[in-house]
Protein chains: 2
Amino acid sequence: MKKSKREKLKAAGWAVGSVQEFLGLSESDAALIEMKLSLSRSLRDRRQRHGVSQVELAKRLRSSQSRIAKMEAGDPSVSMDLLVSSLLVLGASAADLAKAIRGGEGGKSRHAAA
Amino acid sequence: MKKSKREKLKAAGWAVGSVQEFLGLSESDAALIEMKLSLSRSLRDRRQRHGVSQVELAKRLRSSQSRIAKMEAGDPSVSMDLLVSSLLVLGASAADLAKAIRGGEGGKSRHAAA
DNA sequence: TGACATTATGTCATATCTGACATATAGTAG
DNA sequence: CTACTATATGTCAGATATGACATAATGTCA
C-alpha cells in the first residue's frame, strides 16, 4: 500500500475524520487508516476507563510503554494486529472490537458506565 | 506475542473453531487467531462471490497470488492489516468487516444475494 | 520549589511481514 | 494426451513493525 502516504498524513497534522481528501489516497487505504484511528481511540478510552497506565498495559502485552503511546497517538508504525491485541488484553469482546472498527465508541459518552 | 505458537498451530493441522485448548494459548491470543481465521474465510467467500480470481485480486492489491492464497489458507504469516485491506478492496464496508470479525458470514448461506 | 508518576517522542537492532518468484497440484476443455 | 486456468506451497531479499532504551514533556502532590 505505500506507507509513505501515511507518513505524510501524520506529518501534516491532519484533522481527525474523513482522512482521505487531501492526497491521492484510495478509498480503501483511507478506510483502513480511519479504522486504525478508531481503534486507537477505543484503546485509550478503554485503558483509561480501566484505570490502567501505559506501563501496566505494556507489561500485560509484553510490549513497552513507548509503543503503547504510539498506538494511542495513531502512529502509522503500529499494526492493526497490535491494536486489536491490546484491546483484547483489556478485556474487549469480539463485539466490542466490531463496534470500535465501525467508529463506534469514539467519543466519550457523557455518563458512561465504569 | 510469540509467533512460535501460531506456527505450531498451523503445523498441527488443527480443526477450525475454538483454537485455544491445545497449547497454553492465552485467552486473547486465541481470540486474535480466531478473528483472523474468520476474516480469511470471509475473504474467500467474498472473492468467490464476486467472481474474482486470486490473480486478479492480487493485481488490485498490488500484491501477489501466492500471498492471497496464504491469506485464504489462514497462514500465520499474514497480518490483520493485509486481510482487512483485501476485504476493503473487494468492497466490504466497515459494517461487513465488523460482522466478519465477530465470526459472522462464515458459512455459505444457501440462497445468498449476489 | 522538588520528587514522583505518567505520557510523548526519537532512535535503533532485530523480528516479522511482504511481494516476487519458482514450482506443484487440481480442474477443465480440446 | 496437451494446453490452459486457478490455486497451493516453499523460499528469500528487502520492507516494515517491534520492543527496548533514552529522554523530554506534562501533571500532581506536598
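First the proteins, then the strands, lettered A, B, ... as listed; each starts at 1. Note that the structure is a prediction, hence the values are computed from the model and not measured.
Interface remark: the B:K70 side chain does form a donor-acceptor pair with the D:dG10 base, using a distance-only criterion of under 3.5 Å. For D:dC21, the base has a donor-acceptor partner in the side chain of A:S66 [N/O atoms by modelled type, under 3.5 angstrom].
Between the side chain of A:S38 and the backbone N or O of A:A100 there is at least one donor-acceptor pair closer than 3.5 Å.
Salt bridge B:E56/B:R47: absent, no basic N to carboxylate O contact under 4.0 Å.
Side-chain contact between B:M80 and B:I101 is present, with heavy atoms from C-beta onward closer than 4.5 Å. Within the 4.5 Å cutoff, no side-chain heavy atoms of A:S42 are placed close to those of A:D45. The shortest side-chain heavy-atom distance between B:D75 and B:M71 does not fall under the 4.5 Å cut-off.
Distance A:E56 CD to C:dT7 P: 11 Å, rounded to the nearest Å. Residue A:L43 contributes atom CG, which lies 11 Å from atom P of C:dT7 at whole-angstrom precision. One can place CE of A:M80 at 16 Å from P of C:dC17, the figure rounded to the nearest angstrom. Atom-to-atom, CG of B:L83 to P of C:dT18 comes out at 9 Å; the value is rounded to the nearest Å. Between A:I68 atom CD1 and D:dT18 atom C1' there is a gap of 12 Å when expressed in whole angstrom units. Distance, A:R62 CZ to D:dA20 P: 9 Å, rounded to whole Å. Across the protein-nucleic acid pair, A:M71 atom CE and C:dA8 atom C1' stand 14 Å apart, rounded to whole Å.
With values rounded to the nearest 0.5 angstrom, A:L57 atom CG is found 7.5 Å from A:E72 atom CD.
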Show me the protein contacts with nucleotides 3-7 of chain D, counting only N or O atoms at under 3.5 Å.
from  : atom 1 : to    : atom 2 : distance (Å)
D:dT7 : OP1    : B:R47 : NH1    : 3.0
D:dT7 : OP1    : B:R47 : NH2    : 3.4
D:dT7 : OP2    : B:Q54 : N      : 2.8

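Looking at residues two or more places apart in sequence or on another chain, you find no salt bridge (charged side-chain N to carboxylate O under 4.0 Å, His left out) involving B:R67.
Across all their heavy atoms, B:L32 and A:S85 have their closest contact at CD2-OG, 3.3 Å.
Axis angle, first five pairs versus last five pairs of the helix from C:dT1-D:dA30 to C:dG30-D:dC1: 40°, rounded to 10°.
Contacts of B:S64 with the nucleic acid, taken as non-hydrogen atoms under 4.0 Å apart, include base atoms. Residue contacts shown for A:L82 are limited to sugar-phosphate atoms, with no base heavy atom under 4.0 Å away.
Within the 4.0 Å cut-off from OP1 or OP2 of C:dG19, at least one side-chain nitrogen or oxygen of B:S63 is found.
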